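This is a predicted model, so every value here is computed, not measured. Counting starts at 1 for both ligands and their atoms, in listed order. Scope of the values below: all heavy atoms of this structure, side chains included, with no hydrogens, waters or symmetry mates.
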Amino acid sequence: MVLNMATIQIRTEIPGPRSRTLMARREVAVPRAPYNTTPVFAERAEGATIEDVDGNRYLDFAGGIGCLNVGHRAPLVMSAIQEQMEKHLHLCFAVTPYESYIAVAEKLNALAPGNFAKKTILLNSGAEAVENAVKIARAYTKRPAIICFEDAFHGRTMMAMSLTSKAHPYKAGFEPFASDVYRIPFAYPYRNELGTTAEAFAHHLENAFKRSVAAESVAAVIAEPVLGEGGFVIPPRDYFKAIHTICRKHGILFIADEVQSGFARTGKWFASEHFGIEPDLITMAKSLGGGMPLSAVTGRAEVMDAPGVGGLGGTYCGHPLSCVAALAAIEAIEKGGLLARSTAIGQHFEDRARKWQKKWPLVGDVRGLGGMCAIELVRNAETREPAEKATKQIAEYCYKHGLITITAGTFNNVMRILVPLVVTDEQLNEGLDVIEAALASVTEQKQPALSHA
Ligand code: PMP
């Protein structure tokens, strides 16, 4: 099958023979737990496109789960890495420090919201950033408890998993979890039960101090400003101000987990800016590294300095290649005008998705903050029963027609857009056409035939 489109080119049945062979090897050599969204193996990638090992070309609306806001192999990132390779690779910042680590810290201190002195520590993954933010908050406040939210995702390491909300597949079987973790409902306007105002949602925090944990035992509240894995849920605009005010009243730190929502994804450097908040600590990762593994915690200088010398770190944290890639990725966002581009992508998505919503009751909710946008699919527009099966079918239709997408949501019924922000208008429309065709196909199908897991 060959689709006559600008970017997408399907040369073989999907998955093609080489991908099928690799998948057979993968099944023998790799445990089943690390999930593969698509059964196609990548050969190369550029901008917003991926080519698989069988020569099929796809548009990439997943960006390695939001890691490629500047696009695959962004030229500035590539040349920075090449240049660094001629100098040195791993040294370990704890043994022989190097300038690029400092330069990234300085840049993040300047970019993060808040007109106060800040410091930054670099790490490898989002989960590691979350683990460290919790350690820092506990060291500073000398309190044990952390309050997190339903529908949150913070990673797969012990503390991050304990803070994560979704039981299957992230938590079941991995008990016991870290102690002193308390969970309250998130502001999820589409699925609210207690009113949709910021105050109504924020009231859950005050309630927790009565019902679950004394306020004076709480070190921090951790929240994603826009839920990532939880389904791109956007709280009311004054929600986090209300939460932060309550935190301040009780000497509790507010940690914004911007691992997925940061670095231009929402049309600003950090989603926190949309909500007018200045978090005490911010965790970041994914698109910070421009395609290389890098994460960070940036926060108030006095808070960041609470752990003692040697209390934080790790062998590979702030790898030199990742540091130069991050500096280049930040430059690429600045020079490429990617903040404005993200906003424009979000607007365009919304215009098209609203039309889908009018046409198909399956599209229950359309939401987004800049280029962090999604549709939530329901079996019934009144009851809002999640359409998990249809969502899976749509994702499968998409990759079979040349569009890589990923789903999200506690109920597995959200199609989310994490397209590299360097996508062209033509490519964006091409990808949205595939989603539209998928929605039409699933809506018209009487007998859902789904075998892909
Ligand atoms: N926090 C958030 C908000 C995330 O979206 C993720 C990853 N999806 C993580 C933490 C964990 O990041 P990592 O997979 O790099 O450990």
**Item:** Heavy-atom nearest neighbour in the protein, as seen from atom 1 (N) of ligand 1, with distance rounded to 0.1 Å
**Value:** D257 OD2, 2.7 Å
**Prompt:** Between R143 (side chain) and V218 (backbone), is there a donor-acceptor pair under 3.5 Å?
**Reply:** yes
**Nearest neighbour in protein (non-hydrogen) for atom 4 (C) of ligand 1** = V259 CG1, 3.7 Å
**Request:** Answer yes or no: is there an ion pair linking E206 with K249, defined by an N-O contact shorter than 4.0 Å?
**Result:** yes
**Asked** Is ligand 1 under 4.0 Å from a heavy atom in the side chain of E224, in the backbone, in both, or in neither?
**Response** side chain
**Heteroatom distance test (G126, ligand 1): nitrogen or oxygen, under 3.5 angstrom** = yes
**Message:** Treating K171 as the side-chain partner and S162 as the backbone partner, does any N or O pair qualify as donor plus acceptor under 3.5 Å?
**Reply:** yes
**Request:** May I ask you to identify, for S125, whether its side chain, its backbone, both or neither come under 4.0 Å of ligand 1 on a heavy-atom basis?
**Result:** both
**Message:** One thing to verify: whether R73 and E46 come together as a salt bridge, which I'm taking to mean a side-chain N less than 4.0 angstrom from a carboxylate O.
**Reply:** yes
**Heavy-atom protein neighbour under 4.0 angstrom from atom 14 (O) of ligand 1** = no
**Request:** Taking atom types as modelled, find out whether T391 and N413 have a side-chain donor-acceptor pair closer than 3.5 angstrom.
**Result:** no
**Asked** Which atoms of ligand 1 sit under 4.0 Å from any heavy atom of Q260?
**Response** 5 (O), 8 (N)
**Item:** For E229, atoms of ligand 1 separated by under 4.0 Å from a heavy atom
**Value:** 8 (N)
**Message:** Distance under 4.0 Å to a non-hydrogen atom of A127: what atoms of ligand 1 satisfy this?
**Reply:** 11 (C), 12 (O), 13 (P), 16 (O)
**Prompt:** Using heavy atoms and a threshold below 4.0 Å, how should the contact between R156 and ligand 1 be classified: side chain, backbone, both, or neither?
**Reply:** neither
**Asked** Should the proximity of K286 to ligand 1, defined as any heavy atom under 4.0 Å, be assigned to the side chain, the backbone, both, or neither?
**Response** side chain
**Prompt:** Is R416 salt-bridged to E229, cutoff N-O under 4.0 Å?
**Reply:** yes
**Item:** Side chain S342, main chain G371, donor-acceptor under 3.5 Å
**Value:** yes
**Prompt:** Do F411 and R191 have side-chain heavy atoms sitting under 4.5 Å apart?
**Reply:** yes
